[in-house]
Student: 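Got a structure for you, written out below as structure tokens; questions coming shortly.
Source: prediction; values computed, not measured. Any value given below was found using the heavy atoms of this structure, including those in side chains, with hydrogens, waters and symmetry copies removed.
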Amino acid sequence: MARTVAQVIVDALSELGVRHVFGVVGDALNPLTDAIRTTDGLEWVGCRHEEAAAFAASAQSQLTGTLGVCMGTVGPGSVHLLNGLYDAAKSHAPVLAIAGQVPLSEVGSDYFQEVDNDALFSDVAVFRATVTSPDQLPQMLETAVRHALGRKGVAVLTVPGDLGERELTADRPARFSLNAPLSRPDESAVARAAELLDRSERVTLLVGEGARGARQDVLALADRLAAPMVLTLKAKAGFEGDANPFQVGQTGLIGNPAAARALQDADTLLMLGTDFPYRDWYPEGRTVIQVDTEAVHIGRRVPVEVGLVGDTGATVRDLLDRLTAAPAGTGDARDRSHLEKARERFDRWRAGQARLADPSHDKGVVGRIRSALDNRAHDIRPETLAAAVDRLAADDAVFTSDTGMATVWLSRFVEMRGGRRLIGSYNLGSMANAMPQALGAQFLDRERQVVAFCGDGGLSMLLGDLMTLKTYRLPVKLVLFDNRRLGMVKLEQEQAGLPEFGTVLDNPDFAAVAEAMGITGIRVTDPADVQGAVERAFRTPGPVLLDVLTNPDEIAVPAEPTVEQGWGFALAKVKEVVRSHGEPGGN
């Protein structure tokens, strides 16, 4: 018996191993959602907002390396997918979005809710097409999936509402050829890179997520070169903890002085699987060697002496085969002082951060002086909360984080040891990603601990999908840094010498909101209660929202603060103090 367009699509997704489809039901999707309803092993997840659906699908793709799937119905439903799909595209996550459309006979007539999906998704999608005949399937679906997986991006397939129930005249199963090739760089380029590394006295590695699958090879290379290893945020989960004696944390605004100095003190920078975008944080005048699977990434952030286009693991192994044990021209073992100094700085910085995270910090002499300046209300230090979560979370937990200060505290205080994983909107920098990404992650494994570091601005933006956690009884733990601010924007304003403006949030009691939704809510206002509250959240079955009132004036000092930033912050504080108390947003 011939199958319908909807059934062909759903059967193919099931054959691919897709287990969840995220979206909001609607008339144009009815044939597809009904086919999902009758297909074993494939679950429809009804979200409250399509943006959350796209974030959830992207999270599953990033964690598994396989296809994530979301759906949006005609017009506004598909438009709402857009931000989450942009995040998937910027994260190189293979995602298939099925978009509804008006009846085929009405396309182009400015029909009710009609949106030109092929134009709408033109910038975000590596493939986009509208099905106009049943017999275009399954080939069009195969092409969409191959593009998403092969190019690690978003594919959008638009299905008009009256086409889903129509039958194919020549039905056949969908076939997917998905073997990924292993690429290696040109041998002469590897030889040139090895020669430069052999000549270098101080090498620093900048390691990104693209090197995650080559951890042991990268560690061996760091040892051979006596090189400190600066990690991008997305590389934390692959290279932190577990006896990595080379890593010195992150650079950039969320980084630390040891990582910044490790870059500046190097004579050669070796980039492995990273397209770290912040040009201002690269050292100038250094020899740079870059390894990346994408040729277009080579040299687009910093001038490169040698570019090696290929798989990171294979390339590193080729380099190890060619490197000598010591810099050329010396008979001694490679000098390890560059590495040792970087690690000593990193250890000192971490010790200082640990003192800040102590719940009793503000009771000491230094803490009392500091709190008189930046925490007069005696709110909870966000460092205390993040450090407590790190101590108590499982060693295989999945973490997500909202863009902004929540990511800063996670970066500095949560170690990605053991089997921990980390995802966030680290390329697009969207708000409101942590909770829906945690939702997608928890569907993969209901027994695995999933912890979302949420900002109050981000959580409130997609607050409705707390009900999705409740409806599906997902045991996600939402850790809310409730500082009543858009904290990163506040910091940016003050560093520029501007007074805080437009960042104050009139928040509800989020724990009470969660309770009203049928979710366990815990509110914490005393630093002494943080440890116990985190313990309670982690042992409580089902979803939990841990609402912790944190200090809105906490300062996350950049890795290398400039004089201009210091003067700007001081000037901003003066402006804030003299502002009228009756002014909106005034202190």
Student: Minimum heavy-atom separation for Thr503 and Gln493, please, with both atom names.
Tutor: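 That would be CG2-OE1, 3.7 Å.
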
Student: Looking only at atom types and distance, does a side-chain atom of Asp402 sit under 3.5 Å from a main-chain N or O of Ala434, one as donor and one as acceptor?
Tutor: yes

Student: Could you please spell out the steps behind the side chain to side chain contact (heavy atoms under 4.5 Å, CB included) verdict for Val408 and Met488?
Tutor: CA-CA 9 Å; Val408 173; Met488 183 64 80; 3.7 Å; yes

Student: What are the two closest non-hydrogen atoms of Val530 and Leu385, and how far apart are they?
Tutor: CG1-CA, 4.0 Å

Student: With the threshold set at 4.0 Å, does a side-chain nitrogen-carboxylate oxygen contact exist between Asp379 and Arg484?
Tutor: yes

Student: Would you say the ring centers of Phe443 and Tyr472 fall short of 6.0 Å from each other?
Tutor: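 Yes - the distance between ring centres of Phe443 and Tyr472 falls below the 6.0 Å cut-off.
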
Student: Working note: Leu85 + Cys70, criterion side chain to side chain contact (heavy atoms under 4.5 Å, CB included); need CA distance, chi angles, decisive distance, verdict.
Tutor: CA-CA 9 Å; Leu85 293 181; Cys70 57; 3.9 Å; yes

Student: Any donor and acceptor pair, going by atom type alone, linking the side chain of Glu114 with main-chain N or O of Tyr111 inside 3.5 Å?
Tutor: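 Yes; at least one donor-acceptor contact below 3.5 Å.
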
Student: Rounded to the nearest 0.5 Å, what separation is found between the CG atom of Asp547 and the CG atom of Leu478?
Tutor: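 Reported value, rounded in 0.5 Å steps: 10.5 Å.
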
Student: Considering non-hydrogen atoms only, spot the tightest contact between Gly457 and Ser460 and give its length.
Tutor: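 Closest pair (atom of Gly457, atom of Ser460, distance): O-OG, 3.1 Å.
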
Student: Between Glu554 and Arg381, does any side-chain N to carboxylate O distance fall below 4.0 Å?
Tutor: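 Salt bridge between Glu554 and Arg381, a charged N being under 4.0 Å from a carboxylate O: yes.
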
Student: Rounded to the nearest 0.5 Å, how far apart are CE of Met435 and CG of Leu463?
Tutor: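 If I round to the nearest 0.5 Å, the distance is 6.5 Å.
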
Student: Using 0.5 Å steps for rounding, measure from the OG1 atom of Thr251 to the CG atom of Leu231.
Tutor: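 Thr251 atom OG1 to Leu231 atom CG measures 11.0 Å (nearest 0.5 Å).
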
Student: Are Asn427 and Lys234 linked by a side-chain donor-acceptor pair shorter than 3.5 Å?
Tutor: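 Checked: Asn427/Lys234 side chains pair up, N/O donor to acceptor below 3.5 Å.
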
Student: Can you check side chain to side chain contact (heavy atoms under 4.5 Å, CB included) on Glu415 and Asp390, steps first, answer last?
Tutor: CA-CA 7 Å; Glu415 184 181 68; Asp390 177 57; 4.0 Å; yes

Student: Keeping the roles fixed (side chain from Thr520, backbone from Val544), state whether a donor-acceptor pair exists under 3.5 Å.
Tutor: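 No; zero donor-acceptor contacts below 3.5 Å.
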
Student: Tell me, do Arg37 and Trp44 make a side-chain contact under 4.5 Å, heavy atoms counted?
Tutor: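 Arg37 does not reach Trp44 side chain to side chain.
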
Student: So Val95 and Leu67, side chain to side chain contact (heavy atoms under 4.5 Å, CB included) or not? Walk me through it.
Tutor: CA-CA 5 Å; Val95 170; Leu67 190 71; 5.8 Å; no

Student: Is Leu545 close to Lys477 at the side-chain level, that is, under 4.5 Å between some pair of heavy atoms?
Tutor: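 A side-chain contact is absent here, since even the closest heavy-atom pair is not under 4.5 Å.
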
Student: Can you confirm whether more than 12 heavy atoms, excluding those of Arg473, are under 6.0 Å from its CZ atom?
Tutor: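 No, the 6.0 Å shell around CZ holds no more than 12 heavy atoms from other groups.
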
Student: Is a salt bridge present between Glu500 and Arg485, judged by a nitrogen-to-oxygen distance below 4.0 Å?
Tutor: yes

Student: Are Asp395 and Arg417 within salt-bridge range, i.e. N to O under 4.0 Å?
Tutor: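 Answer for the salt bridge query: yes.
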
Student: Tell me whether Gln449 contacts the main-chain N or O of Asp396 through its side chain, where contact means a donor paired with an acceptor under 3.5 Å.
Tutor: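 Checking the backbone N and O of Asp396 against the side chain of Gln449, no donor-acceptor pair under 3.5 Å is found.
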
Student: Can a donor-acceptor pair be found, under 3.5 Å and without considering hydrogens, that links the side chain of Glu535 to the backbone of Phe538?
Tutor: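 Side chain of Glu535 to backbone of Phe538, a donor-acceptor pair under 3.5 Å: no, none is there.
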
Student: Over all heavy atoms of both residues, which pair between Thr274 and Val207 is shortest? Give the atoms and the distance, please.
Tutor: CB-C, 4.4 Å

Student: With no hydrogens and no angle check, is any side-chain donor or acceptor of Gln101 less than 3.5 Å from a backbone partner on Val115?
Tutor: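 Such a contact is found between Gln101 side chain and Val115 backbone.
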
Student: Can you tell if the side chain of Phe510 reaches within under 4.5 Å of the side chain of Asp456, non-hydrogen atoms only?
Tutor: yes

Student: Side chains of Ser411 and Gln250: any donor to acceptor distance under 3.5 Å?
Tutor: yes

Student: Within a strict 4.5 Å, meaning less than it, do heavy atoms of the Phe413 and Val389 side chains meet?
Tutor: no

Student: Using a 4.5 Å cut-off on heavy atoms from C-beta on, say whether the side chain of Pro436 contacts that of Asp465.
Tutor: no

Student: Please give me the minimum heavy-atom distance between Ala441 and Leu63, naming the atom from each residue.
Tutor: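 Ala441 and Leu63 have their closest heavy atoms at CB-CD1, 3.5 Å.
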
Student: Taking atom types as modelled, is there a side-chain donor on Thr407 or Ser401 under 3.5 Å from an acceptor on the other?
Tutor: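 Looking only at side-chain atoms, Ser401 and Thr407 do form a donor-acceptor pair, the distance falling under 3.5 Å.
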
Student: With no hydrogens and no angle check, do the side chains of Arg391 and Gln531 hold a donor and an acceptor under 3.5 Å apart?
Tutor: yes

Student: Between the main-chain N or O of Leu462 and the side-chain N or O of Arg48, is there a donor-acceptor pair closer than 3.5 Å?
Tutor: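 Answer holds: no.
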
Student: Determine the minimum heavy-atom distance between Gln442 and Arg448, stating which atoms define it.
Tutor: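 Heavy atoms only, the tightest pair is NE2-O, 2.8 Å.
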
Student: Compare all side-chain heavy atoms of Leu491 with those of Gln495 and state whether any distance is below 4.5 angstrom.
Tutor: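 Yes - at least one pair of side-chain heavy atoms lies under 4.5 Å apart.
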
Student: Would you check if the side chain of Thr384 reaches a backbone N or O of Ala357 as a donor-acceptor pair within less than 3.5 Å?
Tutor: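 Judged by distance alone, yes, a pair lies under 3.5 Å.
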
Student: Got a salt bridge between Arg523 and Asp509, using NZ or NE/NH1/NH2 to carboxylate O under 4.0 Å?
Tutor: yes

Student: Is there a donor-acceptor contact under 3.5 Å from the side chain of Thr66 to the main chain of Ser61?
Tutor: no

Student: How are the rings of Phe453 and Phe399 set to each other: parallel, tilted or perpendicular (split at 30° and 60°)?
Tutor: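 Rings of Phe453 and Phe399: perpendicular, as their planes differ by over 60°.
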
Student: Under 4.5 Å between any side-chain heavy atoms of His147 and Arg128, yes or no?
Tutor: no

Student: Is it true that a side-chain atom of Asn256 and a backbone atom of Ala259 form a donor plus acceptor pair closer than 3.5 Å?
Tutor: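 Checked: pair present.
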
Student: So, taking the atom named CG in Leu422 and the one named CD in Gln62, what distance separates them when rounded to the nearest 0.5 Å?
Tutor: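 Interatomic distance, Leu422 CG to Gln62 CD, rounded to 0.5 Å: 9.5 Å.
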
Student: Indicate yes or no: at least one non-hydrogen side-chain atom of Val124 is less than 4.5 angstrom from one of Leu82.
Tutor: yes

Student: Asp553 and Asn375: side chain to side chain donor-acceptor pair (under 3.5 Å), yes or no, with the steps?
Tutor: CA-CA 7 Å; Asp553 291 317; Asn375 191 16; over 6 Å; no

Student: CD1 of Ile254 to CZ of Arg412: how many Å apart, nearest 0.5 Å?
Tutor: 8.0 Å

Student: Taking the basic N atoms (NZ, or NE/NH1/NH2) and the acidic carboxylate oxygens, is any pair closer than 4.0 Å for Lys90 and Asp87?
Tutor: no

Student: Does the plane of the ring in Tyr278 sit parallel, tilted or perpendicular to the ring in Phe276? Use 30° and 60° as the thresholds.
Tutor: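 Perpendicular: the ring planes of Tyr278 and Phe276 meet at over 60°.
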
Student: Output the distance between atom OG1 (Thr39) and atom CG (Leu13), rounded to the nearest 0.5 Å.
Tutor: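 It comes to 9.5 Å.
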
